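These numbers come from the heavy atoms of this one structure, side chains and all, not from hydrogens, waters or symmetry mates. Each chain gets a letter, A, B and so on, in the order the sequences are listed, and its residues count up from 1. Since the model is a prediction, treat every value here as computed from it, not as a measurement.
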Amino acid sequence: MSGFPDDIPFFDEDDAPRPNSQPAPRPAGGGIAARAMAARGGNRAPDYLAGLNPEQRLAVETTEGPVLVLAGAGTGKTRVLTTRIAHILATGRAYPSQILAVTFTNKAAREMKHRIGVLVGEAVEGMPWLGTFHSIGVKLLRRHAELAGLRSDFTILDTDDVIRLIKQLIQAEGLDDKRWPARQFAQIIDGWKNKGLGPSEIPEGDARAFANGKGRELYKAYQDRLTTLNACDFGDLLCHPIRIFRAHPDVLKEYHRKFKYILVDEYQDTNTAQYMWLRLLAQRPEARGHVPAGQTAVAEGQSPQAAVRPVSENQVNICCVGDDDQSIYGWRGAEVDNILRFDKDFPGATVIRLERNYRSTAHILGAASHLIAHNEGRLGKTLFTEKADPDDAKVMVHAAWDSEEEARAVGEEIEALQSRRHNLNDMAILVRASFQMREFEDRFVTLGLNYRVIGGPRFYERQEIRDAMAYFRVVAQGADDLAFERIVNVPKRGLGEAAIRQVHDTARAMRVPMLEAAGKLAESDEMKPKPRAALREVAANFARWQGLIDTTPHTELAEIILEESGYTEMWKNDKSADAPTRLENLKELIRSMEEYESLRGFLEHVALVMDAEQNENLDAVSIMTLHSAKGLEFDTVFLPGWEEGLFPHQRALDEGGRSGLEEERRLAYVGLTRAKKNLHLWFTSNRRIHGLWQSTIPSRFLDELPEAHVEVAEAGSSYGGYGMGGFGERQAGRQNPYGASRFDNVGSGAGSFSNTYATPGWQRAQQNRTEATDRNWGSRSGHSVERIGYGEVDSGYGAGRGSVKGRTIEGELVAKSVSDSPSPFKVGDRVFHQKFGNGNIAAVEGNKLTIDFDKAGQKRVLDGFVTTA
DNA sequence: AGACGACAAATTTTT
DNA sequence: TTTGTCGTCT
């Protein structure tokens, strides 16, 4: 992602495109287009088109006019997008800087840049307008900040800052901040911004619903405060440009001239604001008359879309790629309707369906297609594949007694695959809700199976990172009051609530930033000596650091700041178990700054790119939510927890009704279509939810799978799954409110088993079930199974399975198998454990250590989880 | 300022 | 059941 300061476009208005003509000679040699041209062989179809199927090729070559590419899962969507861009460049239709290409995630943007680079033969430095909606929004807003009442060095607040700010405002209004939680209001505001609504545009009902009817005032106050702070939130990155475009037709016109081609990835995920943004940019200057340029407010009761009338002529060349069946972000404002309505928004649009799937077996596709067919209002696609190997495995459905057994059986299957030389990297466990992950993590730690959790707490969200960033922000932008407040008393400087309030009030009264107010207060007599001295030091420190900003390399400056402020010192003195990790993280932060030119550039990067790269070299099973799995693929996929209430999730049903259910079904579809070869679905008959054991009913989605492509795992199969009798048998099980399920008789727990199941496998299953029951109720009956935290020896089964070595790397816990070599530790050694802190080794048995921890008491731990203190 | 107990809340998540 | 937040007490 290109950082701030902005890269200056190397083209200007006069090198306007000559559609279908040769590209003009480039100012500097060896541009992308030139190279692509060179790579093109004679009169044959260019190389980059080779290997595309007819539909893909059509999608690439239909460059003019509006195009909607309905790209089913695994049909080569990214390939089409990137090839299309390469094609536009290679045929001289536009310069790189004349193509606007938007994605949702940084990852997708990165991937596209990379792949275009590969196609075209060089790094894509010349595509300044390829990025996420937000990063492009920032770029626009930096250029025209003054039109939104901001300066171009505005800061971007993240969710945490926003919540703190809102909380202040709620308190300032004299409202009870418990009755009206700031977090909730932040989400409400976000929802409004997703719809592109400013304070004056929100529906009256919405405005009244919060804060004793003060919703609108509060929203207004929030926006005013942002302006004062010279800051904006994520939503503003879209909303401000929309308002600027509407209020300043000349500015909009500039971009109309600029962007000859617009490409949008994952169009089904666009929200209303993004839609409006795109529509504004997609209006050609000639078509101005059709849509009033000054149009702003959306009339009440009228859908925002309806306010923007379709433009029928002089359409820009917009190409949206997406899949309505994979729309899973409705809950955060995405409007599936945007994609469903595309050909009405853009009359005469070419709609191209990509239905040839290159990813999955026929069984997997068959199952997924049959399931998704239960949704209404689809644009409709029928995926097909030519991979039809009779040896392909059917989709397997497994039953387990509870989540522990589910995790155990999945673990066994993974080990079985591993022994058949499958890579762990090719396997994934996709869960509906993150609490489900824990059971798998616990199990894999005891098995010594490498795994990787994707999508956990992110690097930049950690406390120490955010604190350090706050210091940098104040140095880079002295007016950043939120950052100032965050760290003014971190480390503790004796500046309590009262002192901070005083600084705050002074700042308000003098209409200056808090840092400045602090400096003034330190010079006056209005404060008690102690806080006054502390403030003086803080102010002097920041003044000094700010003075260094242009003369000192930014990584060096960062180190100076953390050192002189006493921040690193604070963690060095901290005796808690995770303090060393935090210091390590701070070092990592400094290291990562090296890649950026300046402190500013770095801050911008962090604001927009909240992810940190994962360790890809390690062979590990991936564990993640279904949501974060979108766009990925794995040879083998495990989908646990297919039970009513969990999947579909009860809350989605309660709050979303039928459309909620349909979104859950799309989520199921996304899950199924992640698998290339093997797909295992699981449901349990009992699950602990919020500490209570609940007996559960198999998901209705299981009943929506086609029998022809699905096989119920028999007892005694290698996965340790439990027998369930013949597929399609309907035994009247427990009352199932959704009608009899063919899984009822398996999932309903002990006591309701039919004697139909007299097979040996079934009996074995029953025996296992009894064991599982013993284990589960063990804690009640005194039958103990010790399991505390990770890394601790499970003193029950599995202890003899070999040793485990693990460590934590930036949010990914990595458990590593190791041979049964003797432990490197001996009795009396001083060691450190991530969770329990420091302690002395009391006993060593192979690789299992008994340690007397200073704080946590005596624990048994595997040696891989401790380091020499 | 820090420790402790009471209390509510516990999908999905990018930027 | 667990987690985090808030208020109160020392």
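You'll find that the side chain of Phe234(A) is closest to dT15(B), out of dT15(B), dT11(B), dT13(B). Proximity note for Thr159(A) (side chain, C-beta onward) versus dT14(B), dT11(B), dT15(B): the nearest is dT15(B).
For Glu664(A), the salt bridge (charged side-chain N to carboxylate O under 4.0 Å, His left out) partners are Arg432(A), not counting sequence neighbours. Residues satisfying the side chain to side chain donor-acceptor pair (under 3.5 Å) criterion with Ser403(A), sequence neighbours excluded, are Glu439(A). With sequence neighbours left out, Thr270(A) forms a side chain to side chain donor-acceptor pair (under 3.5 Å) with Asn338(A). The side chain to side chain donor-acceptor pair (under 3.5 Å) test applied to Glu464(A) returns Arg582(A), Asn585(A), not counting sequence neighbours. For Asn573(A), the side chain to side chain donor-acceptor pair (under 3.5 Å) criterion is met by no residue, not counting sequence neighbours.
His374(A) places a side-chain N or O within 3.5 Å of a backbone atom of Leu371(A) that can act as its donor or acceptor partner.
At whole-Å resolution of the value, CD in Glu663(A) and P in dT11(B) are 16 Å apart. The distance between atom CD of Gln184(A) and atom C1' of dA9(B), rounded to the nearest whole Å, is 13 Å. Going from atom CG of Leu430(A) over to atom C1' of dT11(B) covers 16 Å, rounded to whole Å. Protein atom CG of Asn194(A) is 10 Å distant from nucleotide atom C1' of dT14(B), rounded to whole Å. As a whole-Å value, the separation of Asn106(A) CG from dT15(B) P is 5 Å. Nucleotide dA9(B) holds its P atom 16 Å from the CG atom of Asp654(A), rounded to whole Å. To the nearest angstrom, C1' of dA1(B) lies 10 Å from CG of Asn489(A). In this entry the distance linking CH2 of Trp642(A) with P of dT11(B) reads 20 Å, nearest Å.
If you take atom C1' in dT13(B) and the same atom in dT2(C), they sit 22 Å apart, rounded to whole Å. The P atoms of dT12(B) and dT3(C) are separated by 15 Å, rounded to the nearest whole Å.
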Protein-proximity profile, nucleotides 3-10 of chain C, B/S/- by nucleotide at the 4.0 Å heavy-atom cutoff, equals S--SS---
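With the nearest nucleotide of DNA chain B identified for both Arg493(A) and Thr105(A), Arg493(A) has the one nearer the 5' end. The nearest heavy atom of DNA chain B to Ile328(A) and to Gly496(A) marks one nucleotide each, and the one closer to the 5' end goes with Gly496(A).
Considering Leu632(A), Val431(A), Ile429(A) in turn, Leu632(A) is the only one that fulfils the side chain to side chain contact (heavy atoms under 4.5 Å, CB included) rule with Met624(A).
Between Phe440(A) and Tyr451(A), the distance separating the two ring centers is not shorter than 6.0 angstrom.
Residue side chain His134(A) fails the stacking definition with respect to dT15(B), as its ring centre and the base's six-membered ring centre are not both under 5.5 angstrom apart and under 30 degrees in plane angle. With centres under 5.5 Å and a plane angle under 30°, the ring of Trp331(A) is stacked against the base of dT12(B). Stacking here means ring centres nearer than 5.5 Å and ring planes tilted less than 30 degrees, and by that measure His690(A) stacks onto dA10(B).
Not one side-chain nitrogen or oxygen of Ser434(A) sits closer than 4.0 Å to the OP1 or OP2 atom of dT11(B). Using a 4.0 Å cut-off, some side-chain N or O of Lys492(A) falls inside it from OP1 or OP2 of dG2(B).
Glu266(A) comes within contact range of no nucleotide atom at all, as no heavy-atom separation falls under 4.0 Å.
Between the side chain of Arg688(A) and the base of dT1(C), no donor-acceptor pair under 3.5 Å is found.
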